[in-house]
Amino acid sequence: MGLESKKFEWTLPVPNVQELSTQQLETVPARFVRDDVCGVINTVPSDDCLPVPLIDMSKLANPEFQELELQKLRSACKDWGIFQLINHGMSDEILRNTSKEVLEFFQLPLTEKNRWKQKPGRFEGYGQILVASEEAKLDWNDMLLLTTHPIQNRELEFWPENPPKLREYLDKYSEDIKQVAINLTRFFAMGLAIEGQELCEAFQEGGFRVKMNYYPPCPQPEKVLGLKQHTDSSMFNLLLDCSITPGLQVLKDGHWYFVKPIDGAIVANLGLFAEMVSNGIYKAPLHRAVVNNSQTRISIVTACLPNSSFNVGPAKELTKAGTPPLYKTVTVDEFFSMFLQSKKLGVPVIDTLKISC
Ligand SMILES: O=C(O)CCC(=O)C(=O)O
Ligand SMILES: [Fe+2]
């Protein structure tokens, strides 16, 4: 079933951020102001940033270079939990046109975009991230969220028909990104020396959700977050950054590092399922999005999940030889029930899945 088909009785309405940003405000409304943006954790200036590792998928697939590239993949997963994928097999044409169609959608008047607005208590459509209370701080972000796979789970009432080619491009984009996810899963398993076949098969019928994030300019960017810090509830999230201005940041060794957009690359970050399967060898990294006062930023993020009845937990090869499992094994559906429960209680879902030794 997955998160998308669950109902949220406790969602509250949130202002449209793109509209707010056109109001020439000098200060942002209090619900957006956070006191933890800079906090004790420093942000490494974008120009001084260590580059996030670059992984070449064509080398992973080529016997001549595979071992070396697998080593790079292992280090990237261990040291960062996030990396940029190049030569991933998706055409520039699809990436460029999908970005263009998504931008055109967000540029439509609000009344037009609202034809595909989220419905009360529903997860998909155009709107904002779910909030559970009036006190909750808001993100400087609007989004369009759609389930793309399994195809029979698509809720087409939320798929915009304007611009006219958006549906067609989202359909192609999501087919191709699914293939990238399956290939990446295969190499991820190879890198950990675990059986990959079952895992890859679980992605053939897997759940894929695409979230198109729109971050308009903000009059007080240092006081807000485009997206608050979080880990992803997926195996991987695959992100296409449609802008040249960096906005995505990842937490590493106590510092926030920018992930600078590279033309044609896809940013892959490990989600909590990857942490569980690897028995904690890899960690799902905390990441967030920051905004600026002059440029709009758009990202297209695909959450990649195995099928809903698949058992997610430490791989058996990694729990042999006296190494106990550090996480429970649960189905994808059970994970999301626990996720909703833990969200209500305000605890990280991963804490409820850890086995204390
Ligand atoms: O837009 C970004 O840079 C971050 C998006 C993200 O982390 C998410 O949608 O889960
Ligand atoms: Fe994320």
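When a ligand or atom number is given, it counts from 1 through the structure's own listing order.
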- Task: Could you check Y282 against D79 for side chain to side chain donor-acceptor pair (under 3.5 Å), going step by step and ending with a plain yes or no?
- Result: CA-CA 8 Å; Y282 303 150; D79 301 341; over 6 Å; no
Would you say the side-chain atoms of [X] and [Y] include a donor-acceptor pair closer than 3.5 Å?
X    : Y    : answer
D333 : T331 : no
Q179 : E175 : no
H88  : N183 : no
N269 : N237 : no
N162 : E112 : yes
K178 : Q204 : no

- Task: Select the closest option to atom 10 (O) of ligand 1 among H230, M143, Q249, judged by heavy-atom distance.
- Result: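 Selected option, by shortest heavy-atom distance: H230.
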- Task: Identify which of H287, R297, M212 has a heavy atom lying nearest to atom 7 (O) of ligand 1.
- Result: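 It is H287 whose heavy atom sits nearest to atom 7 (O) of ligand 1.
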What are the atoms of ligand 1, with element, lying closer than 4.0 Å to any heavy atom of [X]?
X    : answer
S299 : 1 (O), 2 (C)
N213 : 1 (O), 5 (C), 9 (O)
N237 : 10 (O)
Y215 : 1 (O), 2 (C), 4 (C), 5 (C)
D232 : 10 (O)

- Task: Compute the minimum heavy-atom distance from R288 to ligand 1 and say whether it is under 4.0 Å.
- Result: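 No.
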- Using non-hydrogen atoms of the residue, decide whether L239 is closer than 4.0 angstrom to ligand 1.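 Yes, L239 has a heavy atom closer than 4.0 Å to ligand 1.
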- Query: Where does L248 meet ligand 1, judged by heavy-atom distances below 4.0 Å: at the side chain, the backbone, both, or neither?
  - Reply: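 Within the 4.0 Å criterion, L248 contacts ligand 1 through backbone and side-chain atoms alike.
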- Where's the contact between N269 and ligand 1, heavy-atom distance under 4.0 Å: side chain, backbone, both or neither?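 No part of N269 comes within reach of ligand 1.
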- Message: Tell me which N, O or S atom from D232 is the closest to the Fe ion (ligand 2).
- Response: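 Minimum-distance N/O/S atom of D232 relative to the Fe ion (ligand 2) is OD1.
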- Name of whichever N/O/S atom of H287 is nearest to the Fe ion (ligand 2):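 Nearest to the Fe ion (ligand 2) within H287's N, O and S set: NE2.
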- Task: Identify whether the distance between the nearest side-chain nitrogen and carboxylate oxygen of K119 and E124 falls below 4.0 Å.
- Result: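 Here K119 does not pair with E124 in a salt bridge, since their nearest N and O are not under 4.0 Å apart.
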- Can you find a heavy atom in the side chain of L248 that is under 4.5 Å from one in the side chain of L239?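 Yes, side chains in contact.
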- Item | Distance from atom 8 (C) of ligand 1 to nearest protein heavy atom, with residue and atom |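 Ranking protein heavy atoms by distance from atom 8 (C) of ligand 1, first comes L227 CD2, 3.5 Å.
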- Query: Nearest protein heavy atom to atom 9 (O) of ligand 1, by residue and atom, and its distance?
  - Reply: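 Heavy-atom neighbour on the protein nearest atom 9 (O) of ligand 1: K211 NZ, 2.9 Å.
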- Do K172 and Y169 meet the cation-pi criteria used here (NZ or CZ under 6.0 Å from the six-membered ring centre, within 45° of the axis)?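 Yes, a cation-pi geometry holds between K172 and Y169.
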